Protein chains: 2
Amino acid sequence: MNETPAGRPTLETVARAAGASRATVSRVVNGSTTVRPDVAESIRRAIAELGYVPNPAARSLVTQRTDSIALILPESATRVFSDDAFFPGVIRGVGEALEKADKQLVLLLASTKSSHDRILRYVHGRTVDGVVLASMHGADTLPEELRAAGVPVVTSGRPLGEATVPYIDVEHASGVEAAMRHLVGLGRRRIATIAGPQDMVAGRERLAGYLNGLEALGAAPLVEEGDFMRQSGMDAMERLLARDPDIDGVFAASDLMADGALRTLRRLGRRVPDDVAVIGFDDVDAARFTDPPLTTVHQPIHEIGTRLAEQILRLVEGEEVEASVVLPTRLVIRESA
Amino acid sequence: MNETPAGRPTLETVARAAGASRATVSRVVNGSTTVRPDVAESIRRAIAELGYVPNPAARSLVTQRTDSIALILPESATRVFSDDAFFPGVIRGVGEALEKADKQLVLLLASTKSSHDRILRYVHGRTVDGVVLASMHGADTLPEELRAAGVPVVTSGRPLGEATVPYIDVEHASGVEAAMRHLVGLGRRRIATIAGPQDMVAGRERLAGYLNGLEALGAAPLVEEGDFMRQSGMDAMERLLARDPDIDGVFAASDLMADGALRTLRRLGRRVPDDVAVIGFDDVDAARFTDPPLTTVHQPIHEIGTRLAEQILRLVEGEEVEASVVLPTRLVIRESA
DNA sequence: ATGAAAGCGCTAACAG
DNA sequence: CTGTTAGCGCTTTCAT
């Protein structure tokens, strides 16, 4: 007969096996309560026996939902990826939270220029219900374009310029200010900073925190810029010392750069913290293992991820969300300061 | 009239605007060459003006393809995630390669037991064309289940037990053997190892390499196990020294554990490499920054990713692939040995 | 409580 | 080279 057993079972297959209609099977699959218990039961049995799994494409076509959320990591994010625990941490946080909501995480790596367009197409195609953007660089036009596309979006880190989309960020400046107060309280008077890239909000705000903190001292700022990675911290520290050999305190805008600074200081014969006290930012795992262990400003990386997920899920449901959520940071004091 | 301007434009909208049929528009969208140039041109214009983007769900429904590939990171993988550069590196490699092929990367984090089922459903639903599995633990039944589900799959790391799916791996044992030869060549005679978890192939094979290398020496093995993370390396080194204070060489199965060993050795007054030579495995970024810089066995993490992508793309196209690809490792000599 | 029927947006024969 | 016609597998009124 026409009993093609080939292919994966569809609603129709199940319906026939259970002696019901497609509609009723669909109701059972989607947990409708308006199905007679015994009928539902036999349908469930048929589903199990046939190993039926709904076809998400067919479902999306009619529901206009995909139950998946994109996490976009643009440009530099992927560069930093390899030696930084920030993005992995965010990914975990977002992933776990989405999993609880039974949503899928779709990772879009925006490494090249061309991928920018691909992403836009992808999002436009409504392959995802919403977007979490790890926006980093000021020049990034993606947040705007996504908003214009009418896709729910929330970004990690306040966008540079005016924030037109909701975001999750941490209290960069006040965390740094706490670090500065700590240094000053330690009696440090010649405090330099290794700043992050100034086209990223994190870089700017941490520098602002340093400058604010310095005001209390009435001292001149001493700034060298790095790229958040270790090597740049080593180099910046060397330039700093060349500019002023009497530096007795350093705030580095990332733990990796702080670790780099520690190395340069040691190499140039400075003892930490006796000669120079050092404080970092991030509180990544590696900070506990520097020599000496790094005093640092802790930021709740995992929570950033869960909050991002929470917000985007709300937005996708059409609910309102706060324009911004700013999570606290706190100073973790270890032996380097 | 019935000119509802609402909603996103569909093929039909474009067809009407360009005075053609849906089929022809579809041809243009999909780059068919059998369309008269001027017609194609006007269709393209209409597409641009209307901002038409194909609906992937509708397309998948008929083509049975989704043009996306899942990368599954099971259990421990996500745990290690935070302080290890391996998975981020693989993700980047896979992501970049897929991007070139215009495929999407869907990241599935299998953190909990329940997610195992979710993943199976997801894959069964054919939301992805193929799966790249970062299989790690011996007990993992996922490779089998996926194969049984008839989904193209390739794993990162040879599965424990018999390999039923194609995999990409590196030459663990021979890399370690090179490390052992180096140690022996340095005159080391009391060589211990900090092994990785023995329910992972990487852990086992690196231990096998150590044992092989030791044979040349005719010496008794000295083994403590860690979990690839830094803290476990610190602890294992301490146990090792307690068992034999005369150890003069150490092979650690990961750079992170090697770094841990370095710290314990320093704390206990051993000079590296004068008293004890240390070699790690992985060649992560951090290995260049340990004190002293770590001699280590390099594995091409990024290439593992690109190879994985390459293989799964082949499989999805229905082509044959080698049952296994094993990439070379090489010893990178730095000051710790 | 259940079924019939329509249709989501697209591709793929098949004619012409 | 182009249009017509059939669905892909599912949800969802609307009847019954």
Side-chain angles (χ1 to χ4, degrees), chain A residues 2 4-44 46-47 50-68 121-122 124-127 129, chain B residues 2 4-44 46-47 50-68 121-122 124-127 129:
Chain A
N2 213 354
T4 21
R8 307 182 319 115
T10 71
L11 265 195
E12 179 65 36
T13 324
V14 176
R16 222 141 44 193
S21 71
R22 287 208 317 270
T24 303
V25 177
S26 174
R27 290 187 182 101
V28 171
V29 169
N30 295 295
S32 165
T33 51
T34 68
V35 176
R36 213 167 24 153
D38 58 312
V39 175
E41 188 43 41
S42 79
I43 289 178
R44 262 190 285 275
I47 287 176
L50 295 166
Y52 167 76
V53 178
N55 178 326
R59 176 178 281 171
S60 294
L61 188 53
V62 37
T63 60
Q64 307 277 35
R65 292 183 300 95
T66 61
D67 291 320
S68 63
R121 269 192 293 118
Y122 191 77
H124 252 117
R126 293 293 189 280
T127 314
D129 298 337
Chain B
N2 214 352
T4 20
R8 309 185 315 116
T10 71
L11 263 196
E12 180 65 35
T13 323
V14 177
R16 224 143 39 194
S21 73
R22 288 207 318 269
T24 304
V25 177
S26 175
R27 290 188 182 100
V28 172
V29 169
N30 294 295
S32 165
T33 51
T34 68
V35 176
R36 206 160 27 126
D38 57 313
V39 174
E41 187 44 39
S42 78
I43 288 177
R44 261 190 286 275
I47 287 177
L50 295 167
Y52 168 76
V53 178
N55 179 326
R59 177 179 280 168
S60 294
L61 189 53
V62 36
T63 59
Q64 306 278 36
R65 294 183 298 95
T66 61
D67 291 321
S68 63
R121 269 193 291 120
Y122 192 76
H124 251 117
R126 291 295 190 277
T127 314
D129 298 338

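Chain letters run A, B, ... following the sequence lines, proteins first, then strands; residues in each count from 1. Everything numeric here is computed off the predicted structure, so don't read it as measured data.
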Listed by chain and number, what are the side chain to side chain contact (heavy atoms under 4.5 Å, CB included) partners of B/S68, not counting sequence neighbours?
-> B/T66, B/Q104, B/V106, B/V128
Phosphate OP1/OP2 of C/dT2 contacted by A/S21 side-chain N/O (<4.0 Å) = no
By salt bridge (Lys or Arg N to Asp or Glu O under 4.0 Å), which residues pair with A/R59, not counting sequence neighbours?
-> none
Using the criterion of both pairing distances under 3.5 Å for Watson-Crick and G-U wobble pairs, give all stems of 3 or more consecutive pairs involving DNA chain D.
-> C:1-16 with D:1-16
Who passes salt bridge (Lys or Arg N to Asp or Glu O under 4.0 Å) against A/D67, sequence neighbours left out?
-> A/R65, A/K103
Whole Å only: how far is the CD1 atom of A/I47 from the P atom of D/dG9?
-> 16 Å
Can you tell me which residue pairs pass the salt bridge (Lys or Arg N to Asp or Glu O under 4.0 Å) test with a partner in residues 28-38 of chain A, sequence neighbours excluded?
-> A/R36-A/D38
List for me each residue that meets salt bridge (Lys or Arg N to Asp or Glu O under 4.0 Å) alongside B/E41, sequence neighbours excluded, and say none if there are none.
-> B/R44
Residues two or more places apart in sequence or in another chain: which of them pass salt bridge (Lys or Arg N to Asp or Glu O under 4.0 Å) with B/R126?
-> none
Under the side chain to side chain contact (heavy atoms under 4.5 Å, CB included) test, which residues partner B/R27, sequence neighbours left out?
-> B/A23, B/T24, B/S32, B/T34, B/V35
Just by protein heavy atoms under 4.0 Å, how would nucleotides 7-16 of chain C read 5' to 3' in B, S and -?
-> -BBBBBB---
A/R65 CZ - D/dT12 C1' separation (whole Å) = 13 Å
Whole-Å distance between D/dG3 C1' and B/I43 CD1?
-> 12 Å
Atom CZ of A/R16 and atom C1' of C/dA4: how far apart are they, to the nearest Å?
-> 16 Å
Just by distance, do the side chain of B/R8 and the backbone of B/G51 share a donor-acceptor pair under 3.5 Å?
-> no
